[in-house]
Amino acid sequence: MTTTTPATPNESPTRSDVSHDAIENLSREDRAFPPSAEFAAQANATAALYDAAAADRIAFWEEQARGLQWEKPWHTALDWSGAPFAKWFDGGKLNVAVNCVDRHVAAGHGAQVAYHFEGEPGDSRDITYAELLTEVCRAANALESLGVRAGDRVAIYLPMIPEAAVAMLACARIGAVHSVVFGGFSAEALRSRIEDAQAVLVITSDGGHRKGKPMALKPAVDEAVAASPSVRNVLVVKRTGQDVEWTDKDLWWHDVVDAQPDTHEAASFDAEHPLFILYTSGTTGKPKGILHTTGGYLTQVTYTHRTVFDLKPDTDVFWCTADIGWVTGHSYVVYGPLANRATSLMYEGTPDTPHNGRWWELVEKYRVSILYTAPTAIRTFMKWGEDIPARFDMSSLRVLGSVGEPINPEAWMWYRRVIGGERCPIVDTWWQTETGGIMISPLPGVTETKPGSAMTALPGIGAQVVDDEARPVGNGGGGYLVLTEPWPAMLRGIWGDNQRYVDTYWSRWNGLYFAGDGAKLDEDGAIWLLGRVDDVMNVSGHRISTTEVESALVSHPSVAESAVVGASDDMTGQGIVAFVILREGVDPGENVVADLRNHVAHEIGPIAKPRQILLVAELPKTRSGKIMRRLLRDIAEHREIGDVTTLADANVMTLIGQGLDSANAED
Ligand code: PRX
């Protein structure tokens, strides 16, 4: 069965209606990969989903919600009368933890593994659904014994260990609101998040294993909690056994949790009861506490996890490599997979410990069939070379996913060929902390994919690309990505600051959610993400996305990764400055810079030819792997480097600075 992907729901004007491009459409991609007949024949998704959602969007979402276990049915599927504050499945009651764990055990699947846990040092542990139920019940009892009640906030600051999922589920079970803070964040980042949410409890560990060493977490908690009067207790998981300071608020997890009864009566909560807050730092200002609620969120993450990854609960092993500190870890390590009764792999460490083939060794060991990761990881593996994955048996893989940044077409092709053995469909999934679940993505078995495109909005989701006046740009045009309809997993606001919610997402154009991303539509109406609009460059009046120039650079066989910024230029307004990492083993010979400049001009046009190309060993990235172009702009414009507190590796800027002193690549 071959089906073409339906175009975006709203009618688009033709190109001649549009005066100018909000963002230029420079690149062209002619490669396309239709689903194989074998995959399509067994796929969870069919093209009928698009028809059903187009016929009645709300009824479609109700149908998805019915896959969950509700204690009480909803009376109103969507109440949008208080827009932009949505209520989904209003009147309905359910318990998220019961949906993720209890119901599978009750249906006879207690012996199925929920998580294969692999620690970085090589320790491993399988946790069945029955064991997970016991753990979650004990933890829920423990939280209640510490006086945590429905609606209270609990901060979770843990490495990637099973207790992280248990802690989240225990909160959900008793209606407490979790705020997971990434374990790599500083004491001050933790403190400000505890304060903003007024958390009453912190769940942490002595430390975690990272890059071959125990990495302490407890000292940051001690510092944060000392300045946080709202915190009554700190529950500490023993993971590494390293020494810890002890305060009178501290309790060992094993002392408190293991002593609890292993059953727990779960109450149901309103569909709009808060489930979690997750802080996103954005580019400027105070982190925003993105608020998600229960029924709509679980509906969308469950539906997207089943259809986008084609999850077969009885046979698949699903591995989402994201940390639980990010929304991807919430939606596709914990809630979506568990609600679908998946068997997942959870890995504590980094891809290069103890060797650069660690991930592929794990794919072989656990027969991972679905792998969901980020472009930054894929580009790193490209840099390391394809002989590393070639040493492992990865024939179990059948679906590959990407999330977090635009994936350059050549990185997509590499992922497909080297990791997927040319047989696995790739789903490039666009979404945000704010959207809660996947919004734009191919459906494997249905969509003909193009390398680098997230393709179209999922059934039930409304997305458009518009110009400055909110007019749809039409096929072939570039502009701003907007969401045109409320969706079940949408954020319900910013914790404590609803005005900021309205201002940030809903004020640019009436009734449209502005995602902050640039995008274009190709001739067939497929959506190509072009990066954050703050990063768009203006060269001689042409608005050029960083993504297209970066992808052109990455399409050169010598290049593994690149980051492009606009630096002020007397002649052209802004000039394009590119930072490039070469693939391992490539000789940075004399001509490489000139070659690369010509290559970009040839691939996407002379207007996009970089003014300057700098060869570097590393790029500044956030801890979730996104390139921090803001800092590169500082370098390109010879400014003092700005705020580096969200940088994953503080040394990177020094390294890049040193590289610049010795190499002036301008020609
Ligand atoms: O710019 C888009 C980019 O990541 C942003 C959302 O980041 P965050 O809230 O941290 O969530 C990341 C995981 C969902 C988006 O506004 N982004 C995410 N996925 C893609 C992407 N850009 C292009 N293609 C994607 N598939």
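Only this structure's heavy atoms are used, side chains among them; waters, hydrogens and symmetry mates stay out. Whatever order the structure lists them in is the order used to number ligands and atoms, beginning at 1.
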Do any nitrogen or oxygen atoms of Q432 come within less than 3.5 Å of a nitrogen or oxygen of ligand 1?
yes

Does a salt bridge link D310 with R398, judged by any charged N lying under 4.0 Å from a carboxylate O?
yes

Considering the heavy atoms of V403, write down every atom of ligand 1 situated less than 4.0 Å from one of them.
13 (C), 14 (C), 19 (N)

Side chains of S27 and E548 only: does a donor on one sit below 3.5 Å from an acceptor on the other?
yes

Does one side chain, of Y279 or S192, offer a donor that lies under 3.5 Å from an acceptor on the other?
no

Decide whether E550 and S562 meet the rule of one side-chain donor and one side-chain acceptor closer than 3.5 Å.
no

Establish, from distance only, whether the side-chain atoms of K288 and T504 form a donor-acceptor pair under 3.5 Å.
no

Distance to 0.1 Å, residue and atom name: give those for the protein heavy atom nearest to atom 24 (N) of ligand 1.
E405 O, 3.3 Å

shortest atom 13 (C) of ligand 1-to-protein heavy-atom contact is with T328 OG1, 3.3 Å

Would you say R532 and ligand 1 have an N/O pair spaced under 3.5 Å apart?
yes

T429 and S441 side chains, donor-acceptor separation under 3.5 Å:
no

Would you check the N or O atoms of G404, main chain and side chain alike, for any that come under 3.5 Å of an N or O of ligand 1?
yes

Residue, atom and distance of the protein heavy atom nearest atom 11 (O) of ligand 1 read T433 N, 3.6 Å

Would you please say whether a donor-acceptor pair under 3.5 Å links the side chains of W430 and D517?
yes

Please tell me whether W412 and D428 have a donor and an acceptor in their side chains that are separated by less than 3.5 angstrom.
no

Side chain, backbone, both or neither: which part of T429 has a heavy atom under 4.0 Å from ligand 1?
backbone

Considering only non-hydrogen protein atoms, determine which one is nearest to atom 15 (C) of ligand 1 and report residue, atom name and distance to 0.1 Å.
D517 OD2, 3.2 Å

Which atoms of ligand 1 sit under 4.0 Å from any heavy atom of W431?
6 (C), 14 (C), 15 (C), 18 (C), 19 (N)

If you scan protein heavy atoms around atom 23 (C) of ligand 1, the nearest is P406 N, 3.0 Å

What protein heavy atom lies closest to atom 12 (C) of ligand 1? Include the residue and the distance to one decimal.
K626 NZ, 3.7 Å

